[in-house]
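Labels below follow one simple rule: chain letters A, B, ... track the order of the sequence lines, proteins then strands, and each chain is numbered from 1. Predicted model, so just to flag it, every value in this text is computed and none were measured.
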Amino acid sequence: MSEATPRNSKTLSPADSGRDVSVKGWAQEIRNLGGISFLIIRDRHGIVQVTAPKKKVAPEVMTVLGGLSRESVVKVTGVAKAAEQAKGGVEVVPSSIEVLSAAASPLPMGVVDKVNVEADTRFDNRFMDLRRPEARAVFEIKSMVLDLIGDFLTGEGFLEVFTPKIVASGAEGGATLFQLKYFEQMAYLAQSPQLYKQMLMSTGLDRVFEIGPAFRAEHSDTVRHVSEFISFDGELAFIDSMNDVLDVVERCCQSVIGGIVKNAAPQLETLNASVTVPRAPYPVIEYCDAVEMVQGTGMHIDLGDDLGTEGEKALGEIMKEKGHDMYWIVEYPEEAKPFYIMEKDGTPYSYSFDLDYKGQEISSGGQREHRYDRLVQRMQGKGLDPSAFNFYLDAFRFGMPPHGGWGLGVERLVQKMLDLPNIRETILFPRDRIRLVP
RNA sequence: GCCCUGGUAGUGUAGCGGCCUAUCAUGAAGCCCUGUCGAGGCUUCGACUCGGGUUCAAAUCCCGACCAGGGCGCCA
């Protein structure tokens, strides 16, 4: 007898009929009908049916089959056989079955049970939850999104960089920073690569992007906030205006979503999700107009106020009716924006933008203040001590080109693209106000 | 941090003062069954978050703690 050919749910096909094959995976379901037993083996790509007619299979194999617990890891060797009744049109008649790892019972949650499992139970048992194809599909798509981002920006002449995640000061002051001991000093987990990517603009690396973790100690408790997320940041120098930034981000988003529509059909089907590429160009709504639009829905909001979650949602509805999933909101009041944003002189506004996707902010950015004196002024105006930022400010004293950039929440993009109810679905092991384990 | 809602077998739920020795489904254990189906049939197992209080009587009402879900604020 020749060596069995390794196969999985993807590679096994009716063409293997008659061949000795081996398959490995989790025992998803065991059904014993008396004279015939079925074992459904699940692997990364799908399932393989093992069919064991009592008359044709050795008694010791039947015994192992009968004693299998669900979710045990097994290796089955046997003869592939084309069979119309089996999914995929092929099944395996076992000659041996090896239990590589027996699963304990009861399971903390069912993988294919006919009952719902609450999100909290799922995240407590995430390793088990991720055995569900629809949970895993999100991460296959997320991985593709990251690849697509890298491909697009590399093609645009951007350099991928990595800035420190252990830092001495934050971009927005100290309120939302996680503090940690750094040998004999105090340090923080970076809430954004903002200061570092800007410093790079003074180096000649005039187009950079970074995809990495960002940490926020905000006491937020919503379906779109977590304490640790993947931030996709970019910065580009020698811009003529903020529009140069919008242009890159917009084409990047189109490229990413288009790539998912094109390449992720199996995952989208698993998720029962339909993704459509947003209509471009994305409408550009000035902040003042956005406020008016929100007021028009009957909500109370004053010029100068933040749109608020409900305002954002209302705006999302209005834009949806106009056929737009993605749109820009630009020129926010400078007062509401961080020190590094450039003011629109002679007005209370600023060269800043948000990118909203289906009523939720997924990205923000703007043109930066590259003039040293004005930057220091803005810092002081925000109650920050410029001397704490000397490492940053020095980069502005010796030749800093005009520049701008953005930060985009990768998980928010994935969440909205797939219409997932909670951002936690897009994070393997989410960190939020209360969850630190697993 | 504020507001609202909720905590019942491994999982998801019903019950909301005495009909509770707590419902149903799923699951687990066992038996019957040779073909695809969320396979089916029969039997069994398994739970009221914790601490006070009210009451003749509490899963059920009240208070507190803890935990969870949703909304808001804040932001990616």
Side-chain angles (χ1 to χ4, degrees), chain A residues 28-40 47 49-57 62 66-67 69-71 81 83-89 91 93 103-125 128-129 171-172 175-176 191-194 211-233 249 305-313 332 336-338 354-357 360-365 406-416 421-424 426-427 432-435:
Chain A
Q28 175 169 293
E29 226 179 320
I30 302 129
R31 281 195 300 274
N32 183 354
L33 276 67
I36 188 168
S37 290
F38 300 101
L39 163 65
I40 305 298
I47 56 169
Q49 175 164 296
V50 175
T51 303
K54 209 173 185 174
K55 285 184 190 165
K56 297 183 183 172
V57 171
M62 294 307 283
S69 56
R70 290 199 308 168
E71 295 302 319
K81 186 183 153 205
E84 272 185 25
Q85 302 97 320
K87 277 185 185 130
E91 61 189 13
V93 179
S105 177
L107 301 170
M109 60 171 279
V111 177
V112 290
D113 283 6
K114 298 154 199 163
V115 289
N116 293 326
V117 185
E118 283 204 346
D120 200 48
T121 306
R122 290 177 35 223
F123 285 110
D124 280 342
N125 302 283
M128 185 70 73
D129 182 44
E172 334 278 340
T176 64
Q191 62 193 175
S192 140
Q194 184 64 34
I211 298 173
F215 304 91
R216 303 277 165 95
E218 286 156 4
H219 287 212
S220 301
D221 206 358
T222 78
V223 294
R224 63 192 177 282
H225 286 93
V226 282
S227 309
E228 178 178 357
F229 65 95
I230 301 299
S231 183
F232 159 38
D233 279 81
V249 177
D305 287 354
D306 194 83
L307 293 182
T309 305
E310 292 190 6
E312 270 187 14
K313 286 179 188 168
Y332 279 84
K337 288 291 169 180
D354 279 3
L355 177 60
D356 276 40
Y357 190 11
Q360 181 174 297
E361 178 186 348
I362 64 164
S363 175
S364 70
W406 70 90
L408 183 150
V410 171
E411 287 93 352
R412 283 195 176 178
L413 171 62
V414 174
Q415 180 195 355
K416 295 311 281 188
N422 196 312
I423 196 168
R424 291 163 179 78
T426 70
I427 301 172
D432 60 33
R433 273 215 54 201
I434 45 182
R435 185 173 288 282

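Within 4.0 Å of A:Lys55, counting heavy atoms only, lies at least one base atom of the nucleic acid. Among the atoms of the strands shown, base atoms are found under 4.0 Å from some heavy atom of A:Leu33. Residue A:Ser363 is classed as a sugar-phosphate contact, given heavy-atom separations below 4.0 Å to backbone atoms only. Looking at heavy-atom distances under 4.0 Å, A:Ser37 makes no contact with the nucleic acid at all. Using a 4.0 Å heavy-atom cutoff across all strands shown, A:Asn32 reaches at least one base atom of the nucleic acid. Residue A:Asn116 is classed as a sugar-phosphate contact, given heavy-atom separations below 4.0 Å to backbone atoms only.
Across the C1' atoms, B:C62 and B:G17 are found 13 Å apart, a figure rounded to whole Å. The C1' atoms of B:U11 and B:G1 are separated by 34 Å, rounded to the nearest whole Å. If you take atom P in B:A59 and the same atom in B:A47, they sit 15 Å apart, rounded to whole Å. Here the separation of B:C16 from B:G6, taken at their C1' atoms, is 13 Å to the nearest Å. Across B:G73 and B:U60, the matching P atoms stand 36 Å from one another, rounded to whole Å. B:A25 and B:U43 have their P atoms separated by 12 Å, with the value rounded to a whole Å. Going from the C1' atom of B:G15 to that of B:C20 covers 9 Å, rounded to whole Å. Taking the C1' atoms as reference points, B:G12 lies 33 Å from B:U54, given to the whole Å.
Listed nucleotides B:U11, B:G35, B:C74 differ in distance to A:Thr51; the shortest reach to its side chain belongs to B:G35. Side-chain proximity of A:Glu361 to the nucleotides B:G73, B:U11, B:C75 is greatest for B:C75.
Base pairing analysis places B:C72 opposite B:G1; the two distances defining the Watson-Crick or G-U wobble pair are each below 3.5 Å. If you check B:C20 for Watson-Crick or wobble pairing at under 3.5 angstrom, you find it has no partner at all. With a 3.5 Å ceiling on both atom-pair distances, the Watson-Crick or G-U wobble partner of B:G64 is B:C50. Pairing for B:C45 is with B:G27, a Watson-Crick or G-U wobble pair whose two hydrogen-bonding atom distances lie under 3.5 Å.
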- Under 4.0 Å protein heavy-atom contacts per nucleotide of nucleotides 66-71 of chain B, with B for base, S for backbone only and - for none: --SSSS

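Nearest-nucleotide assignment on RNA chain B puts the 5′-proximal partner with A:Ser105, out of A:Ser105 and A:Gln85. Positionally, the nearest nucleotide of RNA chain B for A:Val117 lies more toward the 5' end than for the other of A:Val117 and A:Lys337.
Here A:Asp356 does not pair with A:Lys416 in a salt bridge; the nearest charged N to carboxylate O distance is not below 4.0 Å.
Not a single donor-acceptor pair, N or O on each side, falls under 3.5 Å between the base of B:G38 and the side chain of A:Glu29. Below the 3.5 angstrom threshold, one finds no donor paired with an acceptor across the side chain of A:His219 and the base of B:C74.
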- Message: A:Asp120 vs A:Arg424, test: salt bridge (charged side-chain N to carboxylate O under 4.0 Å, His left out). Steps then yes/no.
- Response: CA-CA 10 Å; A:Asp120 200 48; A:Arg424 291 163 179 78; over 6 Å; no

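Contact check, A:Arg31 against B:A39: a side-chain N or O comes under 4.0 Å of OP1 or OP2. Listed pair A:Arg224 / B:A76 fails the phosphate criterion, with no side-chain N or O lying under 4.0 Å from OP1 or OP2. Of the side-chain N and O atoms in A:Thr121, none sit less than 4.0 angstrom from OP1 or OP2 of B:U11.
Considering OH of A:Tyr357 and CZ of A:Arg412, their distance stands at 14.5 Å, rounded to 0.5 Å.
More than 12 heavy atoms of other shown residues, nucleotides or ligands fall within 6.0 angstrom of atom CG in A:Asp113.
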